[in-house]
There are 2 protein chains.
Amino acid sequence: MSRPKAPRVSMADVARLAGVSSQTVSRVANGHPSVVGSTRQQVLAAMKELHYRPNSAARALKSGQFRTIGVILFTLSSTGNSRTLEAIATHAALQGYAITLIPVAMPTQDSVLGAFTRLGELAVDGVIVIMEVHLLDAATVTLPPNVQVVVVDSDAGDRYTVVDTDQADGARQAVEHLLALGHRTVWHVTGPEESFASDRRAQAWRDTLTAAGREIPPPQRGDWSAESGYRAGLALADEPGCTAIFAANDQMALGVLRALHERGRAVPADVSVVGFDDIPDATSFIPPLTTVHQDFAEVGRRCVEGVLRQIERGETEHGTALVPTRLVVRASTAPPIDGR
Amino acid sequence: MSRPKAPRVSMADVARLAGVSSQTVSRVANGHPSVVGSTRQQVLAAMKELHYRPNSAARALKSGQFRTIGVILFTLSSTGNSRTLEAIATHAALQGYAITLIPVAMPTQDSVLGAFTRLGELAVDGVIVIMEVHLLDAATVTLPPNVQVVVVDSDAGDRYTVVDTDQADGARQAVEHLLALGHRTVWHVTGPEESFASDRRAQAWRDTLTAAGREIPPPQRGDWSAESGYRAGLALADEPGCTAIFAANDQMALGVLRALHERGRAVPADVSVVGFDDIPDATSFIPPLTTVHQDFAEVGRRCVEGVLRQIERGETEHGTALVPTRLVVRASTAPPIDGR
DNA sequence: CGGGCTGATGTTTACGTAAACATTACGCAG
DNA sequence: CTGCGTAATGTTTACGTAAACATCAGCCCG
């Protein structure tokens, strides 16, 4: 039934039908000016009749460009990654670039190295790495020389072009919001150790408390998952002085909310909770979550701009571009009950 | 600082250094048997020294195959899509295939048509469409003849190869679970109209109630978002006879939980709630959500298998492959309070 | 009125790979 | 010892496109 041997239509076929040379077909395809109107019409008609589609492999071979950007990432399960990826794909498409996904099975240097090795054979002009950069360091040696790199989630702005959310400022806003409400100090649930974003948020949390002259409670280590937030929340629910919690992402905040609920600590009456990310579901948490809004779309847009600038203009300017964040106040934060 | 003109290393360069012909290099690269050991070693050494990487464009031009699968989807914001995509990417990589993302800006026929037109020029051997198939119908005519298609979220098994979760059976399990607990009937919050998955779940809900001889309450229309679930939940909270709600996905269930909470209806004491998807966060809802687990990894794996079978063996067998679902009972369901 | 110039189109070539075909050299059988 | 077969390697060619160069016709200006 199906014909696997569908013969591909080439410029030569179109040229034959239109009665011109294949070079003229090429000129029409690329919008070259020096083709007279009547000829152009003939060629266009022939293209349409034969359903001509340019062969991207030949085009890439000739031009040395693939018009494709590779995106290396570890997982799509985190909201941040998948939303950044979506924004990247959208903006790349707008610029006429396709996206090739390069998933890395596990966040180990071996896996990353493997991904980069494969990358050498892949048809990409540039790469966006959504990953902590330390994992990338070992792999750098094998990076094909023509491939440009932009990195998210890193502080390696001296060696790469880095685009990231302004993690520190977001965390500062969260902590200051809680302090401004009158809380004596703020407890923190962190992300996993390997994450630069988590580090950065924790550091800013510490710095903001220090700057305000507040005590720094021991941080609870999480792993971004709601489950880990739940465990941290159970621990914090038993801390008598804990009236304000800043969770490093919304999913852990969800877990914290559940733990507090189970232990009979009311939010925000007894304890205030702030998250980070502003995932769409955050408005429907119980109660709706005060959180730090990240502009993933903007991060994606700047990533694409960054690689394209490198690819098309050969500019390799390193440095870090920070995308601002914004605190969104909902119902999970309130002043503490005095006299506790 | 950077050298944009890094000259690409070709087989000819390797051949020169190794003192053989480029054809011999090709044979070594492709593991052809008739190359004697010593020659092979020389070539491999030369490859390593020059950091040779095969040029995929040339290879594709020669072979007519790109070893790439395109994935067309509308959005990554839904858990299902992004997790299916991740599974697809992982399995494709295992088979030596890359994934090219083709995002469609809006779920309109025009957008889809545009995506498919671009597709013609893209370097892909096959396509996986994660989208309701009706949107695809208008675009089909422009599908390049060599490209194989597998569809998710559709009942078009007579015209395409379709892989999907067994939506109907999942919904049936959810409803039967609630009836078995003793609820008189089950109310339903649906997904958006255009979604086949939503239709299918709603249909199975209706059928299961009918088969049990129960009354069928008017369904509440949602759009997959937690916000829409919240609105539906507010409406249902005021329904006196409503003791059991089946939401067509977990996010809408989250919204329902919040609405019930705000109206003072306890879950599961007053009302039981069941979701669909089993997103990781579902364990941390208040209370932890009983839901229908979808095996996205398996869906992704079968999609890849399906396209590859078509690409590599030219088999174009249509039909629908259903991936089974499993009800996960947590704390959001319980028998109704009698005498209401 | 003719030479050169410009604009439209055709011809040649190269991109990197790999199939198809050609050429060695070596070993073994007659 | 000669010839043939086979295994190893080299040479040619084609894939589809587009840059570079070549050709041709018409027209402007001296």
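Judged by distance alone, with hydrogens and angles left aside, the side-chain atoms of A:Asp153 form no donor-acceptor pair with the main-chain N or O of A:Met131 at under 3.5 Å. With hydrogens and angles ignored, the 3.5 Å screen pairs a side-chain donor or acceptor of A:Asn81 with a backbone N or O of A:Thr75. Using modelled atom types, no side-chain atom of A:Arg53 and backbone atom of B:Leu122 make a donor-acceptor pair closer than 3.5 Å. Here the side chain of A:Asp164 pairs no donor or acceptor atom with the backbone of A:Leu322 at under 3.5 angstrom. Side-chain atoms of B:Arg301 never come within 3.5 Å of backbone atoms of B:Thr90 as a donor-acceptor pair (strictly under, hydrogens ignored).
B:Arg27 has its CZ atom 8 Å from the P atom of D:dG10, to the nearest Å.
Distance check, rounded to the nearest 0.5 Å: NE2 of B:His91 to OH of B:Tyr97 gives 15.5 Å. To the nearest 0.5 Å, atom CD of residue A:Gln65 and atom CZ of residue A:Arg59 are 12.0 Å apart.
Within 4.0 Å of A:Ser10, counting heavy atoms only, lie sugar-phosphate atoms of the nucleic acid but no base atom. In this structure, B:Thr24 reaches the sugar-phosphate backbone alone: every heavy-atom distance under 4.0 Å involves primed, P, OP1 or OP2 atoms, never a base. Residue-level contact check: B:Ser22 touches neither bases nor backbone, having no heavy atom under 4.0 Å from any strand. Among the atoms of the strands shown, none is found under 4.0 Å from any heavy atom of B:Val25.
Toward the 5' end of DNA chain D, the nearer of the two residues B:Ala58 and B:Arg40, judged by each one's closest nucleotide, is B:Arg40.
The overall bend of the helix from C:dC1-D:dG30 to C:dG30-D:dC1, read as the angle between its terminal helix axes built from five base pairs each, is 60° when rounded to 10 degrees.
For the pairing with B:Thr161, the side-chain contact (heavy atoms from CB on, under 4.5 Å) check across B:Val307, B:Thr320, B:Val150 returns one residue only, B:Val150.
On the nucleic acid side, DNA chain C has its first and last nucleotide under 4.0 Å of a heavy atom of chain A at C:dA8 to C:dG16, going 5' to 3'.
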